[in-house]
Amino acid sequence: MTKPTPKKTASRTRKPSTSAAKKKKAPQKKGWGKKLLLLGVKLSLVGIAALVILGIYLDGKIRDRFDGQIWQLPAVVYGRVLHLAPGDAVDITTVKRELDLLNYNKVRSPKRAGEYSASKTRIELIRRPFDFEDGPEGAQHVMLTFGSEGVTAIKQLDSGKQRGYLRIEPKLLGMMESNTDEQRIFLPRERYPEFLVDALLTTEDRDFYHHDGVSPLAIVRAMVVNIKAGRTVQGGSTLTQQLAKNLFLTRDRTLWRKVQEAYIAIILDYRYSKDRILEAYLNEVYLGQARGQAVHGFPLGARLYFGRPIEELRIDQLAMLVGIVKGPSYYNPWRYPERAQTRRDLILRMMMESGVLTSNQYAQAAARPLDVQKSPSLNSRQPAYFEQLTREIRERVGNQFNPESGLRVFSTLDPLSQSLIEKTVVNKVKALKKTAGNELEAAVVIADRKSGEIRAMVGGSRPGYAGFNRALNGSRQIGSLSKPAVYLAALLQPEKYNLATPLDDKPLVLKGDQGSEWKPRNYDRKFRGQVPLLKALAHSYNIPTVNLGLAIGLDNVISTFDDLGVNPDQITRVPSLLLGAFTLTPMEVTQMFQTLGSGGRKAELTALRAVVTREGQVLYRNWPKASQTVPEQASWLTMYAMKHVVKEGTARYLNPSFAWASLAGKTGTTDNNRDSWYVGIDGREVVTVWLGRDDNKPTKLTGSSGALRVYADYIKERQPQKLILNWPSEVTSVPYQVREGQFVTDCFSQQKLPMWDPKGHWRERCDKPDPVGWLNSLFD
């Protein structure tokens, strides 16, 4: 049954009127507006919350860095401090060369730190202020007076008083290896030249002290200046924004990075003073590359481009540094000097227009050349020396040493000795390769004769290149360098041996346990019957040395090596040790001869003087000390014989030029001329030179024709100090004559020979001479 369809009511079928529809739709529009407004408020709140959260995050990040150590500062290494005092045997030429190495300006009349003038006998200088290992010292205006024997007086010119000593600040050598690829030297704001700050602010951010980190006005001004100049002269970012980008952000050119940059700049400006921000910028700004590492901060930039502390730069040099900020590669003064000079002159003109410079100052500064160094350099590192320095730091400072905490390391390196030996090795090895072949290598160690402080080190024929360090790691047979220890062992027994003792020089055959034979020979293949001990050492005769060593005993010889600083475990107890058939490094050889050359007082070789924190706390300090390990009398007599090596023996090549210096030395040559050695000793240094090949093949060089020539060229430039050995007690002068090529004591002779006479026997015999009896007893 079909249901009836209900009738539609009028209210359901009637269409609403237009006015009624409008009344119903109006509330609907008002609802969407509310929703949009509400959405906008919500989004704004979310944005504000996000900015607040971002601000809190950035604020924490900024404070973590700024309230602690902003940068990982590499450890800075300095050379030795030059101490001068009246009576020191330091000549005026040496001091002038030292000042030149430190880039002091030679002027007519010193007016500022880092300047000096010189006459034949005087040097007037204003020594730079410096933080020494025991504390800071200000600039010192002094007059140094020199005589024939060295320093005679030091006068403080501002007070007129005489000084007891003066310290010349050390040379900056470079940075220790660290985990950062950035190099910088931190300098506080107050030590920056005001002209540098004025030029930087004029060029980069004129409203620095007035804006809140971001300056819209600076952006507009930069646009106007750039349009007028026809190129980009100024940037729109403030110094604070640049600092924010460099310290916290990447270099990506995105809107998000610019937002963060501005936000960080505002926070920085709110949190820290303007001078604090400026100080950070001055030490952070990127200024170029040195040996593949980024150079940051104006202090290190000044040394990179001009080789001087930033406090000593002229206004034109400071202007060039400021100009480089815009683009270190584009304005590189070595590659694009015209660009660098144009940029510098533009900054100078801006400084004139702002009233900082007068027109005359501008003209004088703009007329100067760039005056940059010949090549970008931060005082080239010495890789061989730095290896020894690193070893000692690990041993003596240990975990206290943090290479990124801005420590200052004071070494013992003498910049003059190092620079001269490097040049000598490069030039002389190149010449000697014509004889020895292109594979010839070299190693040199130079140490202070008395203190044992290492003054210079070369690890190969190319001193500036890191690689195998032959000075520390190249263990080679020492040949005749062993002989002074053998003769010293004999002279330790004065009742049996003296410089006149005759030694057999006849054919010798030694048989081993297995039936082997050893037939030592002299280098010239000659035999002389008998020779005095002094002559045997001076001329480096092999057979007399072997006979002497066997007579006193191998154990006594090895014990003497031990006393000189050689590890006895490195010496095999066989007769051939007497002729140096065992291996030592140049470093170990230097230790041996340092002990011998200082009167038997062994001072452990060291390259490390002190390690000091940025705050001035001394983590380590070495006080030079020595111990008497060999009797002074025997050491003195051995050195007397080594002087005869230079005077008449295998090193006589030196005597015509340096007889006045009374040098001592010893040549060394190994089998088939594989190794060429020379150890030279003057009043200042012990110098060990080795030449050879890494494959141990012959070089055709003896100690005299190879290593000795390197030493000779070095001291021609270095100028040695006269070697004066104080006459020890119990050593007396005994008259002698030369008969048939031998020394013979003779109380009636005018010639004399020193001998150790602990019981006064020689003196007594000559007081009551028996010309026949005591002369005959000498040869019993």
Side-chain angles (χ1 to χ4, degrees), residues 77 173-174 176-177 380-396 409 411-413 417-418 421-422 424-426 429 432 436-447 452-479 481-482 561-562 564-572 577 580-595 604-608 668-671 674-679 686-699 701 703 706-707 710-711:
V77 182
L173 301 181
M176 297 290 292
E177 293 290 346
S380 59
R381 289 183 47 186
Q382 298 75 28
Y385 190 91
F386 268 61
E387 182 177 340
Q388 173 65 21
L389 195 62
T390 302
R391 287 184 183 184
E392 293 189 36
I393 289 173
R394 289 172 181 166
E395 292 173 2
R396 298 169 185 179
V409 177
S411 75
T412 64
L413 183 137
S417 293
Q418 181 70 40
I421 194 60
E422 286 183 359
T424 300
V425 166
V426 170
V429 169
L432 290 172
N438 291 329
E439 301 302 317
L440 184 66
E441 278 297 343
V444 182
V445 177
I446 301 176
E453 293 180 324
I454 302 171
R455 299 304 186 203
M457 186 180 293
V458 171
S461 59
R462 298 190 299 169
Y465 291 85
F468 181 62
N469 188 347
R470 296 161 187 84
L472 297 179
N473 307 314
S475 191
R476 304 290 291 239
Q477 288 198 3
I478 65 171
L481 294 186
S482 65
F561 273 110
D562 189 11
L564 291 174
V566 176
N567 184 352
D569 294 339
Q570 296 179 244
I571 305 174
T572 304
L577 78 86
F582 60 94
T583 63
L584 294 178
T585 65
M587 182 79 161
E588 293 166 331
V589 168
T590 306
Q591 179 70 80
M592 180 173 77
F593 282 90
Q594 179 278 320
T595 307
E604 184 180 356
L605 299 190
T606 179
L608 181 61
T669 310
T670 61
D671 288 345
R674 290 186 173 91
D675 302 276
S676 171
W677 291 91
Y678 185 72
V679 177
V686 177
V687 181
T688 299
V689 181
W690 169 85
L691 298 177
R693 292 170 54 127
D694 290 338
D695 59 12
N696 206 30
K697 290 183 179 179
T699 64
L701 298 174
V710 174
Y711 177 77

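In this chain, residues are counted from 1 in sequence order. Please read these numbers as outputs of a predicted model, since none were measured by experiment.
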Might you work through the side chain to side chain contact (heavy atoms under 4.5 Å, CB included) test for M592 and V679, ending with a clear yes or no?
CA-CA 10 Å; M592 180 173 77; V679 177; over 6 Å; no
Criterion side chain to side chain contact (heavy atoms under 4.5 Å, CB included) on V77 and L413, from CA distance to verdict:
CA-CA 10 Å; V77 182; L413 183 137; over 6 Å; no
Apply side chain to side chain contact (heavy atoms under 4.5 Å, CB included) to W677 and T688, showing your working.
CA-CA 7 Å; W677 291 91; T688 299; 3.9 Å; yes
Evaluate the side chain to side chain contact (heavy atoms under 4.5 Å, CB included) criterion for residues L608 and L389: first the C-alpha distance (whole Å), next the side-chain angles of each, then the deciding distance (0.1 Å), finally the verdict.
CA-CA 6 Å; L608 181 61; L389 195 62; 4.0 Å; yes
Full working for side chain to side chain donor-acceptor pair (under 3.5 Å) between Q594 and Q591:
CA-CA 5 Å; Q594 179 278 320; Q591 179 70 80; 3.3 Å; yes
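Looking at R476 and T583, their side chains never come closer than 4.5 Å, going by heavy atoms from C-beta outward. Using a 4.5 Å heavy-atom cutoff, the side chains of E588 and I478 are not in contact. Looking at heavy atoms from C-beta onward, R391 lies in side-chain contact with L472 at the 4.5 angstrom threshold. Considering only heavy atoms from C-beta on, T572 stays 4.5 Å or farther from L577 through its side chain.
Considering CD1 of I571 and CG of L584, their distance stands at 7.0 Å, rounded to 0.5 Å. To the nearest 0.5 angstrom, L440 atom CG is 6.0 Å from L701 atom CG. For the atom pair CG of L564 and CZ of F593, the computed distance is 8.5 Å after rounding to the nearest 0.5 Å. Within the model, atoms NZ of K697 and CD of E439 stand 8.5 Å from one another, a figure rounded to the nearest 0.5 Å.
Looking at every heavy atom in both residues, A607 comes nearest to E392 through N-OE2, 2.7 Å. The two atoms that bring P586 and R470 nearest to each other are CD-O, 3.3 Å, heavy atoms only. Smallest separation of non-hydrogen atoms from S676 and A707: OG-N, 2.9 Å. Residues A447 and L605 come closest through the heavy atom pair CB-CD2, 3.9 Å. Of all non-hydrogen atoms in L173 and S411, the two that sit nearest each other are CD1-OG, 3.6 Å. When all heavy atoms are compared, the tightest approach of S417 to A456 is C-CB, 4.1 Å.
In this structure T390 satisfies the side chain to side chain donor-acceptor pair (under 3.5 Å) test with no other residue, sequence neighbours excluded. With sequence neighbours excluded, no residue forms a ring-ring contact (aromatic ring centres under 6.0 Å, His included) with F386. Partners of Y385 under the ring-ring contact (aromatic ring centres under 6.0 Å, His included) rule, at least two apart in sequence or in another chain, do not exist in this structure.
A distance-only check finds no donor-acceptor pair linking the side chain of R462 to the backbone of G460 [under 3.5 Å]. Under a 3.5 Å cut-off, the side chain of R674 and the backbone N or O of P698 do not form any donor-acceptor pair. With E441 contributing its side chain and S461 its backbone, the two residues share a donor-acceptor pair below 3.5 Å. Without hydrogens or angle criteria, Q418 side chain to M457 main chain gives a donor-acceptor distance under 3.5 Å. Judged purely by atom type and a 3.5 angstrom limit, T412 uses its side chain to pair as donor or acceptor with the backbone of T606.
Using a 30° and 60° split on the angle between ring planes, F582 and F561 fall in the perpendicular class, above 60°.
Within a 6.0 Å radius of CZ in R394, no more than 12 heavy atoms belonging to other residues, nucleotides or ligands are found.
Screening V426, I446, V445 against I421 for a side-chain contact (heavy atoms from CB on, under 4.5 Å) leaves a single residue, I446. Here the rule is side-chain contact (heavy atoms from CB on, under 4.5 Å) with L691, and of L432, D675, V425, T699 only L432 fits it.
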